[in-house]
Visitor: 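Sharing a structure here in structure tokens format.
These values consider heavy atoms only, across backbone and side chains, with no hydrogens, waters or symmetry-generated copies. Worth saying up front: this structure is predicted, and the values here are computed from it rather than measured. To find a chain, count down the sequence lines: A is the first, B the second, and so on, and within it residues start at 1.
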There are 2 protein chains.
Amino acid sequence: MRPRLADVAARAGVSMKTVSNVINDFPHVSESTRSKVTTAIEELGYRPNVSARNLARGRTGVIVLGVPRLDMPYFASLAMQLITAAEAASWWVQIRQTRGERANELRLLEEARDSRIDGMVLSVVALREADLADRPSTPLVLLGEHRFASVDHVGIDNAGAARLAVRHLLDTGRRHVVVVGGRRGADQRVVGAESALAERGETLGPAMHLAVEGVTGQHGEQAMDAFLAAGHAVDAVFCATDWLAMGVIRSLRLHGYRVPDDVAVMGFDDIPYDLAALPTLSTIAPDREQIARLAVESLLRQERPGPPEVRHAVADHRIVVRESTAATAPGGATPT
Amino acid sequence: MRPRLADVAARAGVSMKTVSNVINDFPHVSESTRSKVTTAIEELGYRPNVSARNLARGRTGVIVLGVPRLDMPYFASLAMQLITAAEAASWWVQIRQTRGERANELRLLEEARDSRIDGMVLSVVALREADLADRPSTPLVLLGEHRFASVDHVGIDNAGAARLAVRHLLDTGRRHVVVVGGRRGADQRVVGAESALAERGETLGPAMHLAVEGVTGQHGEQAMDAFLAAGHAVDAVFCATDWLAMGVIRSLRLHGYRVPDDVAVMGFDDIPYDLAALPTLSTIAPDREQIARLAVESLLRQERPGPPEVRHAVADHRIVVRESTAATAPGGATPT
DNA sequence: TTGAAAGCGCTAACAA
DNA sequence: TTGTTAGCGCTTTCAA
């Protein structure tokens with residue numbers, strides 16, 4: 001049988017309370033007592049029973065991570081980082097998928113309310129501020145582009161990152177930059193791209209902004225197909241995600257453009273497949289480890305009693321330059 | 001406060017035992033009693049406290065899924081399927097990564113032994129039969145290519161699937177098939193490829209088998225680079241995974257081969273990015289949902305008392321034909 | 001078929 | 001600073 005707290009107490013010649021104090025790092029434990037207890041723990045190979053602890057504490061020991069799709073490597077590696085960060089707070093992470101649909105995001109929020117979980121980290125795509133009006137008392141932190149005044153949030157500076165990306169395109173001699181992403185004004189990555197153009201006294205013409213509804217490569221490909229069919233000049237494309245970029249490259253090449261010789265392409269996310277693509281994909285790499293850590297910190301802070309205080313944390317990012325934006329550029333190529 | 005079992009019992013005018021019987025679907029409960037209880041449950045919105053239940057049952061409510069890397073979409077979608085299947089058995093799934101290293105796989109096995117979990121599903125890469133000599137009493141089921149006599153296993157017919165893939169290449173007029181995968185004799189996908197060749201009276205020459213150590217696109221690319229440098233004829237490549245295939249295509253195209261015109265390429269796994277690649281990738285699609293379901297069933301069976309009985313289950317697969325194996329083939333192309 | 005009550009292993013109020 | 005003990009909410013043995 002596995003040793004219990006009582007066994008440790010007996011062996012150390014102290015009470016259960018004392019052992020509990022040691023395990024939970026309470027202050028006010030004399031050094032000699034502490035060492036007696038830790039020795040007993042070692043000798044017995046004692047490990048606390050999580051179910052019992054959670055029951056006594058009124059915790060469930062589980063937090064939920066909601067992401068659009070786990071089979072998008074960006075979210076998968078985010079999930080792994082969160083699992084690691086949550087372990088330190090002795091939380092299991094339960095992963096759920098939303099497919100980016102508002103109905104599913106609402107459903108998760110509803111689950112948070114019925115409080116069989118200790119907290120929720122939600123990577124939000126379609127949720128609106130109003131949906132959070134009567135937010136659950138369960139600790140909640142949102143990830144992703146959208147940031148609401150009423151809820152903790154962890155993200156990166158999407159606009160700043162996009163600005164960096166587009167500046168890079170412009171710095172390497174590109175002139176006609178297409179931006180593939182979400183709705184203008186709403187999508188911070190599009191906003192950032194616009195501002196980089198503005199810095200050079202240029203504007204993002206309506207034709208140069210391709211608004212996509214979905215996240216897959218096919219969405220990027222179709223958008224680019226439509227753009228190219230219209231016959232506009234282009235020598236660079238900034239995409240809001242790497243997956244979109246893969247589709248965009250497919251479209252460009254099927255239309256006879258060379259990448260990066262004729263058109264440079266920049267993605268966003270830094271997924272492992274970027275290196276297997278032809279050309280390898282330049283991108284923005286968010287610091288996912290930091291994001292995960294900040295999310296767990298937020299949950300822990302909300303768990304502590306005290307006046308609620310909403311915090312919006314910003315994690316780092318960096319630009320990764322690879323083949324797809326090599327500086328061979330002329331201006332405004334046409335199909336070969 | 002959340003309603004407890006006792007509240008339900010009081011409201012229904014029965015004992016806790018009776019409510020417990022209803023909840024756990026015990027036989028021998030009169031229909032009238034059952035309906036009284038279910039009504040009370042509905043009215044109160046009662047949900048069992050999982051920690052308490054696990055404590056009483058001596059369960060932890062958690063099973064572990066060990067995969068090489070979660071940011072490989074194959075494993076990510078497998079993970080999601082397992083989460084769904086495990087939910088039915090009211091298990092949380094804790095995901096762990098092994099990076100395919102034997103040391104990490106052994107560490108997980110060790111964790112299974114110290115039994116803070118109810119079961120383990122391990123997608124094994126490097127583990128050996130001997131490592132399982134004193135296997136933990138915790139229910140364990142292995143996924144992946146390797147199958148050991150002493151442990152439950154769920155997989156697909158890798159050799160059969162590979163045979164299907166290579167037959168497809170041969171049926172579309174290809175003659176010089178390169179196989180990229182693990183060690184000959186050990187890797188069932190290589191074995192299956194060989195047998196497909198044997199059916200046509202051909203053999204897999206040593207030069208035509210590229211043994212790779214890793215799983216990434218770069219590994220595939222390097223292997224293909226080396227092969228092409230040697231100047232052998234080739235008009236088809238079968239790769240043990242899609243990721244390898246992406247690297248192989250990169251190499252081929254950088255060496256001036258057109259895919260599929262000069263060389264057809266076939267992958268294995270069916271990851272979402274196959275559709276964003278140029279050309280879109282033909283592949284083998286294992287039935288991951290079935291794999292997950294069978295794995296959970298195995299765990300449940302092992303949990304039940306009774307004589308241990310090892311079972312090896314085989315899930316379905318199908319071939320998915322896309323652009324990368326379009327039937328335009330001549331025989332044995334050379335660089336343009 | 002249903003009820004009473006003793007745990008499951010840990011936490012934390014209250015005492016000492 | 002440490003000990004005693006009453007829960008946390010559910011399962012399950014034994015009786016009825």
Visitor: Under 4.0 Å from OP1 or OP2 of C:dG3: is there any side-chain N or O of B:Thr18 that close?
Guide: yes
Visitor: When the distance from CG of B:Asn24 to P of C:dT2 is rounded to whole Å, what number comes out?
Guide: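 Going from B:Asn24 (CG) to C:dT2 (P), I get 15 Å.
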Visitor: Run A:Arg4 and A:Asp7 through salt bridge (Lys or Arg N to Asp or Glu O under 4.0 Å) and show every step you take.
Guide: CA-CA 5 Å; A:Arg4 294 158 309 155; A:Asp7 302 325; 3.3 Å; yes
Visitor: Just one of A:Thr84, A:Leu82, A:Val141 clears the side-chain contact (heavy atoms from CB on, under 4.5 Å) bar with A:Val296, so which one?
Guide: A:Leu82
Visitor: Please report the distance, rounded to the nearest Å, between CG in A:Leu5 and C1' in D:dT5.
Guide: 14 Å
Visitor: Look at the side chain of B:Ala52 and decide which nucleotide, out of D:dT2, C:dT11, D:dC10, has an atom nearest to it.
Guide: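 Side chain of B:Ala52 sits closest to D:dC10.
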Visitor: Please tell me which of the listed nucleotides, D:dG9, D:dT11, C:dG9, lies nearest to the side chain of A:Asn49?
Guide: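 Comparing D:dG9, D:dT11, C:dG9 against the side chain of A:Asn49, the answer is C:dG9.
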Visitor: Taking CZ from A:Arg53 and C1' from C:dC8, how many angstroms apart are they, rounded to a whole number?
Guide: 16 Å
Visitor: To the nearest angstrom, how far is A:Arg47 atom CZ from C:dC8 atom C1'?
Guide: 20 Å
Visitor: In this structure, how many angstroms lie between the P atom of D:dC10 and the CG atom of B:Asp7, rounded?
Guide: 9 Å
Visitor: So which nucleotide from C:dC10, C:dT11, D:dT11 ends up closest to the side chain of A:Arg57?
Guide: C:dT11
Visitor: Select one nucleotide: of D:dC10, D:dT11, C:dT2, the one nearest the side-chain heavy atoms of B:Pro48.
Guide: D:dC10
Visitor: Could you tell me whether the side chains of B:Asp269 and B:Thr241 share a donor-acceptor contact shorter than 3.5 Å?
Guide: no
Visitor: The side chain of A:Ala56 lies closest to which of these nucleotides: D:dT12, C:dT2, D:dG7?
Guide: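 The nucleotide sitting nearest to the side chain is D:dG7.
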Visitor: Please give, in whole Å, the distance from D:dC14 P to B:Lys17 NZ?
Guide: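 Roughly 12 Å, once rounded to whole Å.
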Visitor: Give a yes/no answer on whether the side chain of A:Ser51 brings an N or O atom under 4.0 Å of OP1 or OP2 in C:dG9.
Guide: no
Visitor: By nearest heavy atom, map A:Ala6 and B:Val14 onto DNA chain C; which one lands nearer the 5' end?
Guide: B:Val14
Visitor: Which whole-number value in Å describes the distance from A:Asn21 CG to D:dG3 C1'?
Guide: 10 Å
Visitor: With heavy atoms under 4.0 Å as the rule, sort A:Ser20 into base, sugar-phosphate or nothing.
Guide: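 Touches sugar-phosphate only.
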Visitor: Regarding B:Ser35 and B:Thr38, is there a side-chain donor-to-acceptor distance under 3.5 Å anywhere?
Guide: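 B:Thr38 and B:Ser35 do not have a side-chain donor-acceptor pair below 3.5 Å.
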Visitor: Do side-chain atoms of A:Asp71 reach the backbone of B:Pro73 as a donor and acceptor pair under 3.5 angstrom?
Guide: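 No: the side chain of A:Asp71 does not pair with the backbone of B:Pro73.
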Visitor: What's A:Asn54 touching, base or sugar-phosphate or nothing? Going by heavy atoms closer than 4.0 Å.
Guide: nothing
Visitor: Provide, to the nearest angstrom, the distance between the CZ atom belonging to B:Arg59 and the P atom belonging to C:dG7.
Guide: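 Nearest whole value for this atom pair: 24 Å.
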Visitor: Among D:dC10, C:dA12, D:dT4, which nucleotide sits nearest the side chain of A:Ser15?
Guide: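 Given the options D:dC10, C:dA12, D:dT4, the side chain of A:Ser15 is closest to D:dT4.
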Visitor: Report the residue (B:Leu55 or B:Ser32) whose heavy-atom-nearest nucleotide on DNA chain C is the more 5′ of the two.
Guide: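 Checking each residue's closest nucleotide, the 5'-ward one belongs to B:Ser32.
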